[in-house]
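This report refers to the structure that appears directly beneath it.
Throughout, numbering of the chain's residues begins at 1 and tracks the sequence.
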Amino acid sequence: MTAARLRRTPLLAFAATIPCLAVGFPSGARAQEEPMESFIAVQSPTVALTNVKVIDGTGGPAREGQTIVIRDGRIADIGPADEVAGRISNAQVLDLEGHTVIPGLIGLHNHSYYTGGNGRAAQLSFSGSRLYLASGVTTIRTTGARAPYEEINLKRAIDEGRTIGPNMFTTGPYLTGQEGAQSMAQLEGAEQARRLVRYWAEEGVPWFKAYTWISREELGAAIDEAHRHGVKVTAHLCSVGYREAVALGIDNLEHGLLANSEYFPGKEADDCPSGFRNGYAELDVNSEDVQATFRMP
């Protein structure tokens with residue numbers, strides 16, 4: 001999922017159907033570990049993108065013939081060419097007629113690794129951040145980390161201007177039960193959930209992701225400990241139903257109906273029933289059972 005936004009003054013956050021445009025990092029950034037010049041197409045402190053179509057992400061109609069002024073890495077002005085012309089005298093002008101500019105995309109469910117067949121996965125700390133940025137995704141939230149320190153260190157390098165990539169909201173290790181994958185934290189009780197959340201929250205991750213085999217007790221403990229540290233919990237569930245998770249105070253739920261087993265006949269507590277999606281085709285979303293889920297505060 002992605003969301004888009006446009007502001008008047010943030011750091012440049014535009015994806016366009018043009019080669020990558022970047023404006024230099026702030027002068028206070030630490031010494032860079034790689035030559036940033038190879039990623040910067042335009043070095044001028046003030047740049048004007050002229051004759052572009054702007055889709056601003058508000059739901060309003062596209063605007064043709066616009067000029068966007070970028071000054072010191074921030075959007076300083078947007079408007080019709082004749083209105084902005086007097087304010088671009090010192091700008092490097094790029095005539096981009098035929099191109100469309102949109103806000104940078106905000107990823108709400110992303111990963112820093114790529115999953116292959118048979119449970120195999122590759123961490124993409126180098127190429128992944130570049131691919132997100134090249135695709136116009138300027139902010140990501142990594143919903144589940146296989147290598148939390150790689151994410152933390154990558155975020156720090158991006159924030160300090162030592163490498164390129166999107167703004168990152170990182171995640172601690174997956175929290176699951178004893179039946180979960182080997183790459184995840186296989187919890188053995190509420191106290192372990194608290195200890196793990198406490199450690200990674202203190203290391204700086206703002207989110208955690210619970211996974212399919214976590215128990216209600218473990219999930220409740222993880223949520224409570226996360227909130228004590230000012231961080232949040234999302235989940236790809238199965239063993240815990242959505243209404244149960246909401247009652248425990250969860251902040252977010254991933255994948256919609258795909259991961260909600262609470263309508264499965266005879267579901268047992270803390271169990272992820274095999275084939276629980278088989279009845280989805282006959283599920284009445286207007287039924288009281290389903291609507292009760294939607295109404296949960």
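The closest side-chain donor-acceptor pair between Ser44 and Gln92 falls under 3.5 angstrom. A side-chain donor-acceptor contact under 3.5 Å links Asp251 and His227.
Although no hydrogens or angles enter the test, the distance criterion places a donor-acceptor pair under 3.5 Å between the side chain of Tyr280 and the main chain of Leu257.
Put simply, the side chain of Arg243 reaches to within 4.5 Å of the side chain of Asp289, judged on heavy atoms. Residues Leu133 and Ile164 meet the side-chain proximity criterion, which asks for heavy atoms closer than 4.5 Å. Contact annotation: the side chain of Trp200 never approaches that of Val231 to less than 4.5 Å [non-hydrogen atoms, C-beta and beyond]. The closest side-chain heavy-atom distance from Tyr242 to Leu237 is below 4.5 Å. With a 4.5 Å cut-off on side-chain heavy atoms, Leu94 and Val42 count as touching. By the 4.5 Å heavy-atom criterion applied to side chains, Ser112 and Glu150 are not counted as neighbours. For the pair Leu196 and Pro173, the minimum side-chain heavy-atom distance is below 4.5 Å.
Residues Arg141 and Glu254 are paired through a salt bridge, judged by an N-O separation under 4.0 Å between the basic side chain and the carboxylate. Taking 4.0 Å as the cut-off between side-chain N and carboxylate O, Arg295 and Glu288 count as a salt-bridged pair. Here Arg71 does not pair with Asp77 in a salt bridge; the nearest charged N to carboxylate O distance is not below 4.0 Å.
For OH of Tyr114, the number of neighbouring non-hydrogen atoms (other residues, nucleotides, ligands) closer than 6.0 Å is 12 at most. By the 6.0 Å contact criterion, NZ on Lys267 is enclosed, its count of non-hydrogen atoms from other residues, nucleotides or ligands being greater than 12. The local environment of CG in Asn90 is sparse, with at most 12 non-hydrogen atoms from other residues, nucleotides or ligands closer than 6.0 Å. Environment of CD in Glu268: sparse, with no more than 12 heavy atoms of neighbouring residues, nucleotides or ligands closer than 6.0 Å.
Hydrophobic cluster membership is shared by Val197 and Leu253, with clusters built from Ile, Leu, Val, Met, Phe, Trp and Tyr side chains linked at under 4.5 angstrom. Linking Ile, Leu, Val, Met, Phe, Trp and Tyr whenever their side-chain heavy atoms come within less than 4.5 Å leaves Met168 and Val205 in two separate clusters.
Thr143 approaches Leu108 most closely through the heavy-atom pair CG2-O, 3.8 Å. Here the shortest heavy-atom pairing between Thr139 and Phe169 reads CG2-CE1, 3.7 Å. Between Ala121 and Tyr113 the shortest heavy-atom distance is CB-CD1, 4.0 Å.
With Gln66 as the fixed residue, the side-chain contact (heavy atoms from CB on, under 4.5 Å) test singles out one of Val84, Asn51, Thr50, Val52: Val52.
Residues Trp213 and Tyr174 keep their aromatic ring centres 6.0 Å or farther apart.
The cationic group of Arg130 does not satisfy the cation-pi geometry with Tyr132, failing either the under 6.0 Å distance to the six-membered ring centre or the 45° limit from the ring axis.
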